[in-house]
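Everything on this sheet refers to the single structure shown next.
Predicted model, so just to flag it, every value in this text is computed and none were measured. In each ligand, atom 1 is the first atom listed, and ligand 1 is the first ligand listed.
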Amino acid sequence: MSKKDKNRPPEQPSALNVRPGVDGGHDGLPGRDLPGGPSGGPRRRLLSAREYVDGVLSGDRVLLARAITLIESNAPAHQEVAQEVLAALLPRRCASIRVGITGVPGAGKSTFIEALGTGLTGRGHKVAVTAVDPSSSVTGGSILGDKTRMEKLAADPMAFIRPSPTGGTLGGVARKTRETILLFEAAGYDVILVETVGVGQSEIQVRSMVDFFLLILLAGAGDELQGIKKGVVEIADAVLINKADGANLPAARQARSEFERVLHYLRPATEGWTTAAHLSSAVSGQGVMDMWAVVEEFAVFTRGSGVFDRRRTEQERQWVRALVREGLDDIFRSRPGVAEMTADLEQQVARGELPATTAASRLLDFFRRG
Ligand SMILES: Nc1nc2c(ncn2[C@@H]2O[C@H](COP(=O)(O)OP(=O)(O)O)[C@@H](O)[C@H]2O)c(=O)[nH]1
Ligand SMILES: [Mg+2]
C-alpha cells in the first residue's frame, strides 16, 4: 500500500457512481460484461487495461463491476489483461480494514452486515461486501438470496455488494475473492466485509484474506457449539452472539458467559489480542456498532504491535505459495499419460496391492522423466 494513498478520503458520490444496487455479477444473465463470454451474449468490447484502471480509480461502479468480472474470468486472454490491471492498481489501494464474517445459515450474518454497513456509510466509510460461497455455482449464491436482507445497503451509493464468485473449486473462488478485495481497495472502499457460511473449509480461506475474523452465533439454540467446529472458534477474533433480544436475551447472556469461559482456554487467534464474546441484535441494531468499536480497537492495537502488517505480509506469502502449488498441480495433471497412470495406481492402492508412497513416487518419477 503506498503511503500517499493511505487514508484517502472516501469518494463522494457523483453522477457516475450513484448507480445503487447489488452488482449482479454472475447472475445468470447472458454475456454480462465480457465479449464472447461462454454464455455468448451480446458482445461487448474488451476494454483496455488502462480503461479498467482509470475507471476503478475514479470510483466508477460500472467499471469496478466489469473489472471484477474480468478478474473472475478464466479465459487466458482476460487473465492477461486482468493481471495488468491488478499490477497497476496494487500501489493505488487505500488503507482498509478487512473483516471476515462467518456463522451457520440463519445466524443473522446478512442482517448484521446490513445494520453494520449502513452504520458505517453513515459515518463516511465506503463499504464493500462480498462472499466466499463455494456452493454458489450450484445454488446461485446465498448472498444473492440475501438481497432482501440488505436492501438499504444495496441501495446505498457508499456501498458496493458483490456476490460470491463462482468457479468450481474453493481455491478458485478464494483467488477471485482476494483479487476482488484489491479492486475494492483501489476503488477507495476502506471497509471490506467478506461473508462465508461456517460449515466447511471456506472459513479457513476467508481467515487467510482478512485482518479480523468474526464468528456470529445464535443464542438459545441449545448447545451453543452445535454445528460450529471448535476450529472455527479458534480462528475468531471475536464471537458475537446474535439475536440477543426478546425472549432470547437470557439465553444469549448465558451463552456469552459460557463462551467467555471456553475462550479463556483457547490460544488467541491473533497474537496479544483477547478474543471475547459479545451480544447483538442485528434486527434492532443493538450492539452492532459496539461490535465495530471492537474491530477498531483491534485495528489500532494490531497496527501498533506490528501484527497487522505482519499478518498481511504473511497472507501474501502464503498466497504466492498456494498459487505455485496449484500451478504445479495443473502442469502435473495435464502431462499426457499422468491421468491414466494415476487412475491405475490409485486402484492398486485401493486394492491394498501398493503403498500410497510408492504410487506417488512412481507418478513423480514418470513426470520427471517425461
Ligand atoms: N430476533 C432476531 N432475529 C434476527 C436477528 N438477526 C437476524 N434475524 C433473523 O434471522 C433470520 C436469518 O437472518 P439472516 O441475516 O438471513 O442470516 P444469515 O443466514 O446468517 O445471513 C432472518 O429471518 C432475520 O430476520 C436478530 O438479531 N434478532
Ligand atoms: Mg446470509
* Asked: Quick one: does ligand 1 sit under 4.0 Å from the side chain of R149, the backbone, both or neither, non-hydrogen atoms only?
  -> side chain
* Asked: Got a sec, which residues hit ring-ring contact (aromatic ring centres under 6.0 Å, His included) with F308, two or more places apart in sequence or on another chain?
  -> none
* Should the proximity of D245 to ligand 1, defined as any heavy atom under 4.0 Å, be assigned to the side chain, the backbone, both, or neither? -> side chain
* **Subset of ligand 1 atoms that lie under 4.0 Å from at least one heavy atom of P105** => 19 (O)
* In terms of atom number and element, which parts of ligand 1 are under 4.0 angstrom from non-hydrogen atoms of A107? -> 17 (O), 20 (O)
* **Backbone or side-chain N/O/S of S110 under 2.8 Å of the Mg ion (ligand 2)** => yes
* **Lys/Arg-Asp/Glu bridge criterion (N-O < 4.0 Å) met for E258, R261** => no
Table please: side-chain donor-acceptor pairs of residues 352-370 below 3.5 Å, with sequence neighbours left out.
| from | atom 1 | to | atom 2 | distance (Å) |
| --- | --- | --- | --- | --- |
| E353 | OE1 | R351 | NH2 | 3.3 |
| E353 | OE2 | R351 | NE | 2.8 |
| S361 | OG | T357 | O | 2.7 |
| D365 | OD1 | R368 | NH1 | 3.1 |

* Would you check whether V104 reaches within less than 4.0 Å of ligand 1, judged by its heavy atoms? => yes
* For G108, is at least one N or O under 3.5 Å away from an N or O on ligand 1? -> yes
* Asked: What part of I216, side chain from CB on, backbone N/CA/C/O, both or neither, has a heavy atom under 4.0 Å from ligand 1?
  -> neither
* Asked: Counting each atom of ligand 1 from 1 as listed, which ones have a heavy atom of A282 under 4.0 Å away?
  -> 6 (N), 26 (C), 27 (O)
* Asked: Below 4.0 angstrom, N of the basic side chain to O of the carboxylate: do D211 and R311 qualify?
  -> no
* To do: Anything under 30° is parallel, anything over 60° is perpendicular, the rest tilted; go ahead and classify F298 against F212.
  => perpendicular
* Asked: Do R175 and E326 sit within salt-bridge range, that is, some charged N less than 4.0 Å from a carboxylate O?
  -> no
